[in-house]
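As structure tokens, the structure follows; a few thoughts come after it.
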Amino acid sequence: MTLITSDIEVVKQELINGGIVPIPTETVYGLAGNIYSDAALSKIFELKNRPFFNPLIVHIKSIHELQKIASEIPEKALKLASAFWPGPLTLILKKQPEISDIVTAGKDTVAVRVPNHKVALALLENLDFPVAAPSANPFGSISPTSATHVFEYFKGKIPYILEGGNCKKGVESTIIGFVNNEPILYRHGSISIEEIEKIVGKVTLLTLKEDAPDAPGMLAKHYAPNTPIFLTSNLKELIKLHQGKKIGLLLFKAKMEDNNIAVQEILAPNGNLEVATSNLYAALHKLDKCNLDVIIAEIFPAVGLGNTINDRLERATKK
Ligand code: TXA
Ligand code: MG
């Protein structure tokens, strides 16, 4: 049996006992476990069916805990943490020796952030240890933005899910690493590059070696629904190509006038990209449950969070 609960004390005890509990954050729900328990950390990988080479993000309660996790903090990292924490920014920094190889997948760096969610922060305040928390979805599938999404993925496999409502940001944190103390983008996320660059100047995009991805969030196929999904700048043409099929559309602002479309999900009728981002995964979850033959998504404007939406949609379409 799996219980969706708001009882922080119960969740705390479960984590102290080495258990795994999905917790809300402002981005997506995370599958949390004690970073100082290798048994708990191993369970996270097992539950998610996650490859061992894909490291986890450490969640701390405030910037004051950063030195317990990271051994070197470049000036620009400190600037970013001061500007965005608590919030959806993950920093990749040189790790402290105590941080387990299971968290970091054997790397000498560790990913860390302070989540901006009342319930998550209340829990962290109550714990003597930080938690590692990857998104609470089986490896490769769509990240959960509600306790119900998590329940559908893990019911029967864990005793509790910590309730925290719908995630406000709706897409994962932006990940920034450093080479020679200069910022590198590891993953697009719910803070746009433009916002990051306002604080630290130019940010370089990570170039990937295909066989050994440095941030598997950047793995080609990821965040994918079970229904085949296509991304296009020419909706009409693609709809015509799939004529006769049961089609679902994922659109930015407005519906298409077309009676042959089974379902249409509009992410932001007001054209606001933040609103669109916050609705993206919930819309994908919804479309995936409609028994469609195909989902057709439109390419978003390549500015601000439009880049993050396009990044996730591109990965969702990869075979
Ligand atoms: O918003 C988020 O970041 C959510 C919530 C729960 O906080 N978490 C999340 O975790 O998205 P996950 O595990 O789905 O994605 C973590 C990403 C992975 O792509 C992983 O490869 C990268 O962080 N990562 C972690 N440690 C790393 C490291 N030392 N070097 C490079 N990438 C790292
Ligand atoms: Mg994930």
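Read the numbers this way: they start at 1 and go in the same order the structure lists the ligands and their atoms. Atoms considered below: every heavy atom in the structure, side chains included; atoms not considered: hydrogens, waters and symmetry mates.
Side-chain polar atoms of Ser143 and Arg312 form no donor-acceptor pair below 3.5 angstrom. Between the side chains of Asp288 and Thr227, a donor-acceptor pair is found at a separation under 3.5 Å. Tyr281 and Glu172 share a side-chain donor-acceptor pair at under 3.5 Å.
Taking the six-membered ring where the residue is Trp, His149 and His285 present parallel rings, their angle staying beneath 30° rather than reaching 60°.
Closest approach of Gly19 to Lys43, counting heavy atoms only: CA-NZ, 4.1 Å. The two residues Pro86 and Pro115 make their nearest non-hydrogen contact at CB-O, 3.4 Å.
Taking a cut-off of under 4.0 Å to the non-hydrogen atoms of Pro134, the atoms of ligand 1 that pass are 10 (O), 12 (P), 13 (O). Atoms of ligand 1 lying under 4.0 Å from at least one heavy atom of His59, given by number and element, are 5 (C), 6 (C), 7 (O). Contact atoms of ligand 1 toward Thr27: 1 (O), 2 (C), 4 (C), 5 (C) (distance under 4.0 Å to a heavy atom of the residue). Near Gly30, meaning under 4.0 Å from one of its heavy atoms, ligand 1 places the atoms 6 (C). Which parts of ligand 1 touch Asn54 is read off a 4.0 Å heavy-atom cut-off, strictly below it: atoms 18 (C), 20 (C), 21 (O).
Any N or O atom pair closer than 3.5 Å counts here, and Tyr29 shares no such pair with ligand 1. Residue contacts with ligand 1: Thr25 is placed with no nitrogen or oxygen under 3.5 Å of a nitrogen or oxygen of the ligand (distance criterion only). Close N/O approach between Lys107 and ligand 1 is not found [any backbone or side-chain N/O within under 3.5 Å]. Between Ser135 and ligand 1, at least one pair of N/O atoms sits closer than 3.5 Å. Looking at Tyr186 next to ligand 1, no N or O pair under 3.5 Å apart turns up.
Hydrophobic clustering (side-chain heavy atoms under 4.5 Å, transitive across Ile, Leu, Val, Met, Phe, Trp, Tyr) groups Ile23 together with Phe151. Leu305 and Val275 fall into different hydrophobic clusters, where Ile, Leu, Val, Met, Phe, Trp and Tyr side chains are chained together by heavy-atom contacts under 4.5 Å.
Side-chain atoms of Asn180 do not come within 3.5 Å of backbone N or O of Glu182 as any donor-acceptor pair. Under the 3.5 Å distance criterion, the side-chain polar atoms of Ser37 are left unmatched by any main-chain donor or acceptor of Asn34. Put simply, the side chain of Asn310 gets close to the backbone of Phe300: a donor and an acceptor are under 3.5 Å apart. Checking side-chain atoms of Thr2 against main-chain N and O of Gly156 turns up a donor-acceptor pair under 3.5 Å. The backbone N or O of Gly189 sits less than 3.5 Å from a side-chain atom of Thr308, completing a donor-acceptor pair. Although no hydrogens or angles enter the test, the distance criterion places a donor-acceptor pair under 3.5 Å between the side chain of His117 and the main chain of Gly164. In this structure, the side chain of Gln96 engages the main chain of Ala70 through a donor-acceptor pair within 3.5 Å.
Protein N, O or S atom count below 2.8 Å of the Mg ion (ligand 2): the structure gives 1.
The proximity of Ser173 to ligand 1, defined as any non-hydrogen pair under 4.0 Å, involves the side chain as well as the backbone. The parts of Glu172 lying near ligand 1 are both backbone and side chain, judged by heavy-atom distances below 4.0 Å. Residue contacts with ligand 1 for Thr109 involve both N, CA, C or O and side-chain atoms from C-beta outward (heavy atoms, distance under 4.0 Å). Of all the heavy atoms of His117, none lies under 4.0 Å from any atom of ligand 1, so neither backbone nor side chain is involved. Only the backbone of Leu56 comes within 4.0 Å of ligand 1, counting heavy atoms alone; no side-chain atom from C-beta on gets that close.
Proximity of Lys95 to ligand 1 is not established, as no heavy-atom distance is less than 4.0 Å. Judged by the shortest distance from any of its heavy atoms, Lys169 lies outside the 4.0 Å radius around the atoms of ligand 1. Under the 4.0 angstrom criterion for non-hydrogen atoms, Ala133 is in contact with ligand 1. Using a 4.0 Å cutoff on heavy atoms, Thr104 does not count as a contact of ligand 1.
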* Asked: Stepwise, does the salt bridge (Lys or Arg N to Asp or Glu O under 4.0 Å) test hold for Arg113 with Glu26?
  -> CA-CA 12 Å; Arg113 80 180 191 99; Glu26 79 281 32; 2.9 Å; yes
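The option with the heavy atom closest to atom 22 (C) of ligand 1, from among Thr90, Val114, Ile175, is Ile175.
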